[in-house]
Amino acid sequence: MDIAKTVTRRTILQAGAVAAVGVSGFVPTRFAIGNTAKVKVGFLLPYTGTYAGLGEAITNAFKLAVEERGGKMGGREIQYVAVDSEANPAKGPENTNKLVTGENVDFLVGPVHSGVALGMVKVVRESGTITVIANAGAGAATGPLCAPNIFRTSFTNWQASYPMGKVAVERGLKNVVTMSWKYAAGEEALAGFEANFTKHGGKVVKQIMVPFPSDEFQANLTEIASLKPDGVFVFFAGAGALKFVKDYAAAGLKSIQLMGSGFLTDGVLKGQGEAAEGVLTTLHYADALDTPENKAFRAAYSKSFGKEADVYAVQGYDAAQLLVQGMAAVKGDTGAKPALIDAMEKAVIKSPRGTFTLSKAHNPVQDFYLRQVKGGQEIVVGVAEKALADPATGCKMG
Ligand code: BEZ
């Protein structure tokens, strides 16, 4: 879904200014002009490939949150433009530029893939475009590459995996195999798990990395069977996660505890069926959270889109909440960037996941739940880590 370049917003605004002078001699100020124009929100998300479902959920829920708030931000209507990132890191900078330069968006929302995020962050650090990362967990985006205009409503890869390291040891799992796709998200997720796991006395006996987005796991599952570990910790998401869990069960490995960050089951649990029974995960969200915000969100999402909400939808919903709060503070004046950023930094987000605030590095400080699939449902076992903040090593806000 690559929206064709039309007339840029600046061209429209300039044309509007000329027309206004011609009629009345009145020269509108920048804000007076901008206030009547629509706010342009650009989505850089995957709409094809293994992460397509994730991009769709973020887009749907972002729009839902805006609709629930009167369809406006800071009193201004919204125009959406979307570019399919294809979860392709090689196209990250080019696709970001389509939105930042080509479409002159006011706000950028996305991406899902950490590799795409790393390319995107380099572009928006230069352009200053206010960007909300609604999934990609790349640590660098709120670490060494952090910037005043870059925010995240999701997680870091470290955050979502670190809590399981301690849980695994507490459950008596001492020798574990780790496995993932070989790119930033997988590497950081496995490192986060391993840091906490070894700190508590566990041992990673083998790390297996496969190319992204391969879903040919058979040879690796045979190797895992021969290693006979106490447990297996993985990072997979989207269609790849659906297939991994099914293949794991089909390979006869169900007696070896399968663990992961919650992306392993979120959004794909129904498709995994019986194969997912018993899978243990940690995540900043769970379908079953018994709060008014979560219940209302899930009901509205399924009514609007005819499917169940998941963690990706929550992150998209909260990206919109963050921008709505920022825009309310500046009454829709996107030119008032320091005030807008200040309001976003101070935002308190009443999320379906639970209320959260942002760290100095602009990453959520949030609870991580321990979840287990029982009877086809994701059961909340407890809170594995309360108010966990990413260490944000190397972040120096300019
Ligand atoms: C990532 O690339 O950061 C990512 C993708 C899907 C789910 C979680 C993280």
Side-chain angles (χ1 to χ4, degrees), residues 43-59 61 84-92 95-96 109-121 131-143 145 150-164 179-193 209-215 233-245 259-269 281-286 309-316 318-319 353 363-364 366 368 371 390:
F43 293 122
L44 178 64
L45 290 165
Y47 297 107
T48 51
T50 199
Y51 286 163
L54 288 58
E56 183 195 326
I58 292 169
T59 307
D84 182 1
S85 73
E86 302 167 45
N88 184 345
K91 292 189 183 169
N95 282 333
T96 306
V109 175
V112 160
H113 186 291
S114 278
V116 175
L118 295 173
M120 178 199 75
V121 156
T131 299
V132 183
I133 300 174
N135 185 70
T142 49
L145 296 178
I150 299 172
F151 291 81
R152 178 149 47 200
T153 55
S154 50
F155 57 90
T156 64
N157 296 312
W158 176 90
Q159 263 182 322
S161 295
Y162 181 83
M164 186 57 87
M179 180 171 170
S180 186
W181 283 311
K182 186 166 175 48
Y183 80 96
E187 285 156 1
E188 292 174 6
L190 299 194
F193 168 80
M209 300 304 261
V210 294
F212 175 85
S214 166
D215 63 2
F233 177 90
V234 301
F235 165 81
F236 289 109
L242 195 158
K243 177 138 189 308
F244 180 83
V245 169
M259 300 168 279
S261 45
F263 313 110
L264 188 57
T265 53
D266 234 80
V268 287
L269 185 58
T281 56
T282 46
L283 200 66
H284 49 294
Y285 180 65
D310 56 21
V311 67
Y312 311 106
V314 171
Q315 295 165 172
D318 293 342
R353 76 187 83 171
N363 190 64
Q366 55 194 339
F368 282 79
R371 309 127 33 104
D390 183 88

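We count ligands from 1, going down the list as the structure has it; atoms in each ligand are counted the same way.
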What residues, two or more places apart in sequence or in another chain, satisfy side-chain contact (heavy atoms from CB on, under 4.5 Å) together with Lys91? Glu86, Asn88, Glu94, Asn95
With sequence neighbours left out, write down each residue that passes side-chain contact (heavy atoms from CB on, under 4.5 Å) with Ala57, or none if nothing qualifies. Tyr301, Asp310, Tyr312, Ala313
Judged by atom type as modelled, is there a donor-acceptor pair below 3.5 Å linking the side chain of Thr153 to the main-chain atoms of Gln315? yes
Given a heavy-atom cut-off of 4.0 Å, could you list the residues near ligand 1 in chain and number order? Tyr51, Leu54, Val112, His113, Ser114, Asn135, Ala136, Gly137, Phe155, Asn157, Tyr183, Ala185, Phe235, Ala237, Phe263
Tell me whether Asp215 contacts the main-chain N or O of Lys243 through its side chain, where contact means a donor paired with an acceptor under 3.5 Å. no
Between Tyr51 and Ser85, does the side-chain hydrogen bond (donor to acceptor under 3.5 Å, both in side chains) criterion hold? Intermediate values first, please. CA-CA 10 Å; Tyr51 286 163; Ser85 73; over 6 Å; no
Sequence neighbours excluded, the answer for salt bridge (Lys or Arg N to Asp or Glu O under 4.0 Å) partners of Asp318 is Arg353
